[in-house]
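A short worksheet on the structure shown next.
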Amino acid sequence: MIDPATAQRLLEENFAPWVRALRPEVTRIDAEATILEIPVTDEIARVGGIVCGQALATLADTTMVLACAGQAGDFSPVATTTLETRFLSAARGTSVRCTAQVIRAGRRLVFAEARLTDLPGDKPVAAASATFMRP
């Protein structure tokens with residue numbers, strides 16, 4: 001089983017610098033769900049203080065990758081083979097929370113879904129789904 005501190009370390013050691021630049025914080029990881037939060041900063045906001053879609057999609061993908069690890073109980077690299085992100089509303093709060101879960105894990109393919117909410121209001125801002133391939 002992976003705890004949040006271990007998942008945070010794995011994130012720091014294994015993800016690209018531009019992903020880590022979002023400053024994701026693992027607040028939960030287990031077989032049921034994984035939660036990451038990022039602060040809303042000037043670097044990811046566009047005109048009007050709205051969080052850019054690229055940052056939201058990256059947060060969703062990263063959270064779902066870690067959800068694969070949480071579901072499996074250990075970390076091993078997976079490759080994103082599909083990623084669909086649906087933008088529902090503008091994210092303008094102080095942070096964005098992403099909650100992801102594995103909906104089916106096979107031997108080679110893992111299917112996951114994510115919900116992103118704007119904090120502190122907990123307003124839905126995006127939803128995503130992805131398929132990952134295990135090496």
Side-chain angles (χ1 to χ4, degrees):
M1 181 171 198
I2 300 172
D3 62 21
T6 301
Q8 189 71 43
R9 182 181 52 76
L10 290 167
L11 193 154
E12 298 297 327
E13 293 173 354
N14 293 284
F15 286 75
W18 58 270
V19 173
R20 295 190 319 264
L22 293 174
R23 300 190 321 213
E25 179 185 346
V26 180
T27 60
R28 175 182 173 185
I29 185 167
D30 56 42
E32 301 301 316
T34 296
I35 300 173
L36 270 66
E37 293 183 14
I38 61 169
V40 174
T41 63
D42 290 341
E43 291 79 17
I44 65 169
R46 59 182 186 87
V47 176
I50 297 168
V51 177
C52 68
Q54 296 91 333
L56 296 176
T58 299
L59 174 61
D61 185 59
T62 303
T63 308
M64 288 187 283
V65 167
L66 288 176
C68 292
Q71 187 272 337
D74 64 358
F75 181 78
S76 62
V78 294
T80 305
T81 60
T82 66
L83 174 63
E84 179 186 5
T85 307
R86 297 167 301 283
F87 302 103
L88 308 173
S89 182
R92 301 174 198 244
T94 58
S95 60
V96 177
R97 174 183 295 144
C98 182
T99 303
Q101 61 184 22
V102 170
I103 56 172
R104 184 180 186 288
R107 196 169 34 130
R108 298 279 289 160
L109 296 178
V110 180
F111 302 88
E113 294 180 338
R115 295 178 328 276
L116 292 86
T117 57
D118 191 12
L119 299 176
D122 210 29
K123 174 186 73 173
V125 294
S129 59
T131 305
F132 301 95
M133 184 178 73
R134 292 181 174 154

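The first residue of the sequence shown is numbered 1, and numbering continues consecutively from there.
- If you take OG1 on Thr81 and CZ on Arg108, they are separated by 11.0 Å, rounding to the nearest 0.5 Å.
- Considering every non-hydrogen atom in both Leu59 and Cys98, the closest pair reads CG-CB, 3.7 Å.
- A distance of 11.0 Å separates OG1 of Thr94 from CD1 of Ile38, quoted to the nearest 0.5 Å.
- If you take CZ on Phe87 and CD1 on Ile50, they are separated by 12.5 Å, rounding to the nearest 0.5 Å.
- At a threshold of 4.5 Å between side-chain heavy atoms, the hydrophobic network of Ile, Leu, Val, Met, Phe, Trp and Tyr places Val102 and Ile35 in two separate groups.
- Placement of Met1 and Val65 in two distinct hydrophobic clusters is found when ILVMFWY residues are connected by side-chain heavy-atom separations under 4.5 Å, directly or transitively.
- Hydrophobic cluster membership is shared by Val26 and Leu10, with clusters built from Ile, Leu, Val, Met, Phe, Trp and Tyr side chains linked at under 4.5 angstrom.
- A distance of 8.0 Å separates OG1 in Thr99 from CZ in Arg28, rounded to the nearest 0.5 Å.
- Contact between Pro39 and Arg23 at its shortest, heavy atoms only, is CG-NH2, 3.2 Å.
- For the atom pair CD1 of Ile2 and CD of Gln8, the computed distance is 12.5 Å after rounding to the nearest 0.5 Å.
- Both Leu83 and Leu56 belong to a common hydrophobic cluster when Ile, Leu, Val, Met, Phe, Trp and Tyr are linked at side-chain heavy-atom distances under 4.5 angstrom.
- Looking at Arg20, its side chain does come within 3.5 Å of a backbone N or O of Phe15 through a donor-acceptor pair.
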Arg97 vs Thr27, side chain to side chain contact (heavy atoms under 4.5 Å, CB included): CA-CA, chis, key distance, verdict: CA-CA 10 Å; Arg97 174 183 295 144; Thr27 60; 5.5 Å; no
Would you be so kind as to tabulate the donor-acceptor pairs closer than 3.5 Å made by side chains of residues 122-135, with sequence neighbours excluded?
from   : atom 1 : to     : atom 2 : distance (Å)
Asp122 : OD1    : Thr117 : OG1    : 3.1
Lys123 : NZ     : Ser89  : OG     : 3.4
Lys123 : NZ     : Ala90  : O      : 2.8
Thr131 : OG1    : Thr82  : OG1    : 3.0
Arg134 : NH1    : Gly106 : O      : 2.9

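- Within the 3.5 Å criterion, the main-chain N or O of Leu22 finds no donor-acceptor partner in the side chain of Glu43.
- Looking at every heavy atom in both residues, Ala91 comes nearest to Val96 through CB-CG2, 4.2 Å.
- Of all the heavy atoms in Thr63 and Thr34, the pair that sits closest is CG2-O, 3.5 Å.
- Here CG of Leu11 is found 6.0 Å from CG of Leu36. Values are rounded to the nearest 0.5 Å.
- For the residue pair Cys68 and Val110, the shortest heavy atom distance occurs at SG-CG1, 3.6 Å.
- Of all heavy-atom pairs between Thr58 and Gln54, the closest is OG1-O, 2.8 Å.
- When the side chains of ILVMFWY residues are joined at heavy-atom separations under 4.5 Å, either directly or via intervening members, Ile103 and Leu109 end up in a single hydrophobic cluster.
- Other residues, nucleotides and ligands place more than 12 heavy atoms under 6.0 Å from the CZ atom of Arg86.
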